[in-house]
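A quick write-up on the structure given underneath.
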Amino acid sequence: MTEGAAIVNLSSISARWTTTTEALAYSASKSAVMAITRGLANYLGPTGVRVNAVLPGIVDTPMQDQVLADVAAIRGLTPDTLSRQRLQTIPLQNRSGAPETVADVIAFLLSDAARYVTGQGVGVDGGQFMI
(Lines give C-alpha, C1' and ligand atoms only; values in the text may rest on other atoms or scores of the structure.)
Protein backbone atom coordinates (compact mmCIF):
# COMPACT_ATOMS: atom_id res chain seq x y z
CA MET A 1 0.00 0.00 0.00
CA THR A 2 1.17 3.49 -0.72
CA GLU A 3 1.37 6.55 1.50
CA GLY A 4 -2.07 8.01 2.12
CA ALA A 5 -3.83 4.65 1.78
CA ALA A 6 -6.38 3.66 4.39
CA ILE A 7 -7.78 0.42 5.77
CA VAL A 8 -11.07 0.25 7.65
CA ASN A 9 -11.86 -2.95 9.52
CA LEU A 10 -15.34 -3.89 10.70
CA SER A 11 -15.55 -4.75 14.36
CA SER A 12 -18.53 -4.23 16.67
CA ILE A 13 -19.44 -2.26 19.74
CA SER A 14 -19.34 -5.69 21.38
CA ALA A 15 -15.55 -5.39 21.28
CA ARG A 16 -15.90 -2.80 24.05
CA TRP A 17 -19.00 -3.92 25.87
CA THR A 18 -20.33 -7.40 26.54
CA THR A 19 -23.27 -7.89 28.85
CA THR A 20 -24.64 -11.28 27.83
CA THR A 21 -23.26 -14.78 27.72
CA GLU A 22 -24.76 -15.23 24.25
CA ALA A 23 -22.29 -12.66 22.92
CA LEU A 24 -19.06 -13.84 24.57
CA ALA A 25 -17.48 -15.57 21.56
CA TYR A 26 -18.68 -12.84 19.20
CA SER A 27 -17.23 -10.16 21.48
CA ALA A 28 -13.92 -11.97 21.70
CA SER A 29 -13.63 -12.13 17.92
CA LYS A 30 -14.47 -8.43 17.59
CA SER A 31 -11.90 -7.59 20.27
CA ALA A 32 -9.36 -9.45 18.13
CA VAL A 33 -10.27 -7.23 15.17
CA MET A 34 -9.48 -4.21 17.35
CA ALA A 35 -6.11 -5.69 18.37
CA ILE A 36 -5.26 -6.26 14.71
CA THR A 37 -6.39 -2.72 13.86
CA ARG A 38 -4.15 -1.17 16.53
CA GLY A 39 -1.22 -3.41 15.66
CA LEU A 40 -1.40 -2.65 11.95
CA ALA A 41 -1.85 1.07 12.61
CA ASN A 42 1.34 1.03 14.63
CA TYR A 43 3.21 -1.07 12.07
CA LEU A 44 2.00 0.79 8.94
CA GLY A 45 1.96 4.29 10.42
CA PRO A 46 5.54 5.09 9.39
CA THR A 47 4.60 4.31 5.77
CA GLY A 48 1.69 6.77 5.85
CA VAL A 49 -0.98 4.06 5.78
CA ARG A 50 -3.87 4.56 8.22
CA VAL A 51 -5.76 1.68 9.82
CA ASN A 52 -9.00 2.17 11.73
CA ALA A 53 -12.11 0.18 12.61
CA VAL A 54 -15.80 0.88 12.71
CA LEU A 55 -17.78 -0.52 15.64
CA PRO A 56 -21.47 -0.69 14.73
CA GLY A 57 -24.06 -1.16 17.42
CA ILE A 58 -27.61 -2.30 16.69
CA VAL A 59 -28.10 -1.81 12.95
CA ASP A 60 -31.08 -2.89 10.85
CA THR A 61 -29.62 -5.80 8.89
CA PRO A 62 -30.57 -9.42 8.20
CA MET A 63 -27.88 -10.44 10.71
CA GLN A 64 -29.63 -8.39 13.38
CA ASP A 65 -32.93 -10.10 12.60
CA GLN A 66 -31.27 -13.49 13.05
CA VAL A 67 -29.61 -12.43 16.33
CA LEU A 68 -32.98 -11.28 17.66
CA ALA A 69 -34.64 -14.54 16.69
CA ASP A 70 -31.89 -16.73 18.15
CA VAL A 71 -31.42 -14.84 21.41
CA ALA A 72 -35.15 -14.38 21.94
CA ALA A 73 -35.62 -18.15 21.64
CA ILE A 74 -32.86 -18.79 24.19
CA ARG A 75 -34.45 -16.34 26.62
CA GLY A 76 -38.03 -17.43 26.03
CA LEU A 77 -39.06 -14.05 24.60
CA THR A 78 -40.51 -12.92 21.33
CA PRO A 79 -38.13 -11.15 18.95
CA ASP A 80 -40.27 -7.99 19.26
CA THR A 81 -39.99 -7.99 23.05
CA LEU A 82 -36.23 -8.49 22.93
CA SER A 83 -35.89 -5.77 20.30
CA ARG A 84 -37.79 -3.27 22.47
CA GLN A 85 -35.61 -4.15 25.48
CA ARG A 86 -32.40 -3.70 23.50
CA LEU A 87 -33.49 -0.41 21.94
CA GLN A 88 -34.10 1.00 25.43
CA THR A 89 -30.30 0.88 25.92
CA ILE A 90 -29.66 3.35 23.08
CA PRO A 91 -29.65 6.99 24.23
CA LEU A 92 -30.14 8.44 20.74
CA GLN A 93 -33.91 8.14 20.37
CA ASN A 94 -34.01 4.47 21.48
CA ARG A 95 -33.64 3.35 17.88
CA SER A 96 -31.40 1.18 15.77
CA GLY A 97 -29.12 2.50 13.07
CA ALA A 98 -29.30 2.20 9.31
CA PRO A 99 -26.58 0.46 7.28
CA GLU A 100 -26.03 3.75 5.43
CA THR A 101 -24.99 5.40 8.70
CA VAL A 102 -22.18 2.88 9.12
CA ALA A 103 -21.20 3.32 5.47
CA ASP A 104 -20.95 7.09 5.98
CA VAL A 105 -18.43 6.63 8.81
CA ILE A 106 -16.43 4.17 6.71
CA ALA A 107 -16.36 6.68 3.85
CA PHE A 108 -15.11 9.37 6.23
CA LEU A 109 -12.32 7.15 7.57
CA LEU A 110 -11.24 6.32 4.03
CA SER A 111 -11.26 9.97 3.01
CA ASP A 112 -8.55 12.59 3.26
CA ALA A 113 -10.66 14.33 5.93
CA ALA A 114 -9.46 11.57 8.30
CA ARG A 115 -5.80 11.89 7.27
CA TYR A 116 -4.62 12.19 10.90
CA VAL A 117 -6.77 9.39 12.31
CA THR A 118 -5.27 5.94 12.80
CA GLY A 119 -5.54 3.08 15.26
CA GLN A 120 -9.05 4.09 16.29
CA GLY A 121 -12.28 2.22 16.80
CA VAL A 122 -15.16 4.50 15.89
CA GLY A 123 -18.45 3.55 17.51
CA VAL A 124 -21.58 3.93 15.40
CA ASP A 125 -24.07 2.94 18.06
CA GLY A 126 -26.37 5.82 18.97
CA GLY A 127 -24.49 6.31 22.23
CA GLN A 128 -25.06 2.77 23.49
CA PHE A 129 -21.44 2.68 24.64
CA MET A 130 -19.79 5.98 25.46
CA ILE A 131 -16.11 6.50 26.23
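Keep in mind the model is a prediction, meaning the values are calculated, not measured.
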What's the separation between atom [atom1] in [X] and atom [atom2] in [Y], rounded to the nearest 0.5 Å?
| X | Y | atom1 | atom2 | value |
| --- | --- | --- | --- | --- |
| Glu100 | Ile106 | CD | CD1 | 11.5 Å |
| Phe129 | Ser14 | CZ | OG | 11.0 Å |
| Thr37 | Gln120 | OG1 | CD | 10.5 Å |
| Ser83 | Gln88 | OG | CD | 10.0 Å |

State plainly whether one hydrophobic cluster holds both [X] and [Y], where clusters connect Ile, Leu, Val, Met, Phe, Trp and Tyr through side-chain heavy atoms under 4.5 angstrom apart.
| X | Y | answer |
| --- | --- | --- |
| Phe108 | Val59 | yes |
| Leu40 | Met1 | yes |
| Ile7 | Leu110 | no |
| Val124 | Ile13 | no |
| Val33 | Ile36 | no |

Is the backbone N or O of [Y] less than 3.5 Å from a side-chain atom of [X], with the two atoms forming a donor-acceptor pair by type?
| X | Y | value |
| --- | --- | --- |
| Arg16 | Leu55 | no |
| Ser27 | Ala23 | yes |
| Asn52 | Val117 | yes |

By side chain to side chain donor-acceptor pair (under 3.5 Å), Ser31 pairs with (sequence neighbours left out) none
Shortest non-hydrogen contact between [X] and [Y], atoms and distance:
| X | Y | result |
| --- | --- | --- |
| Val49 | Thr118 | O-OG1, 4.4 Å |
| Thr78 | Thr81 | OG1-OG1, 2.8 Å |
| Pro91 | Gly126 | CD-O, 3.4 Å |
| Met34 | Ala15 | CG-CB, 3.9 Å |

Side-chain contact test, heavy atoms from C-beta onward, threshold under 4.5 Å: evaluate it for [X] versus [Y] and give yes or no.
| X | Y | result |
| --- | --- | --- |
| Val51 | Asn9 | yes |
| Leu87 | Ile90 | yes |
| Val71 | Thr20 | no |

In short, side chain to side chain donor-acceptor pair (under 3.5 Å) pairs touching residues 59-76 with sequence neighbours left out are Glu22-Arg75, Asp60-Ser96, Gln64-Arg86, Gln66-Asp70
For residues 30-59, the salt bridge (Lys or Arg N to Asp or Glu O under 4.0 Å) pairs (sequence neighbours left out) are none
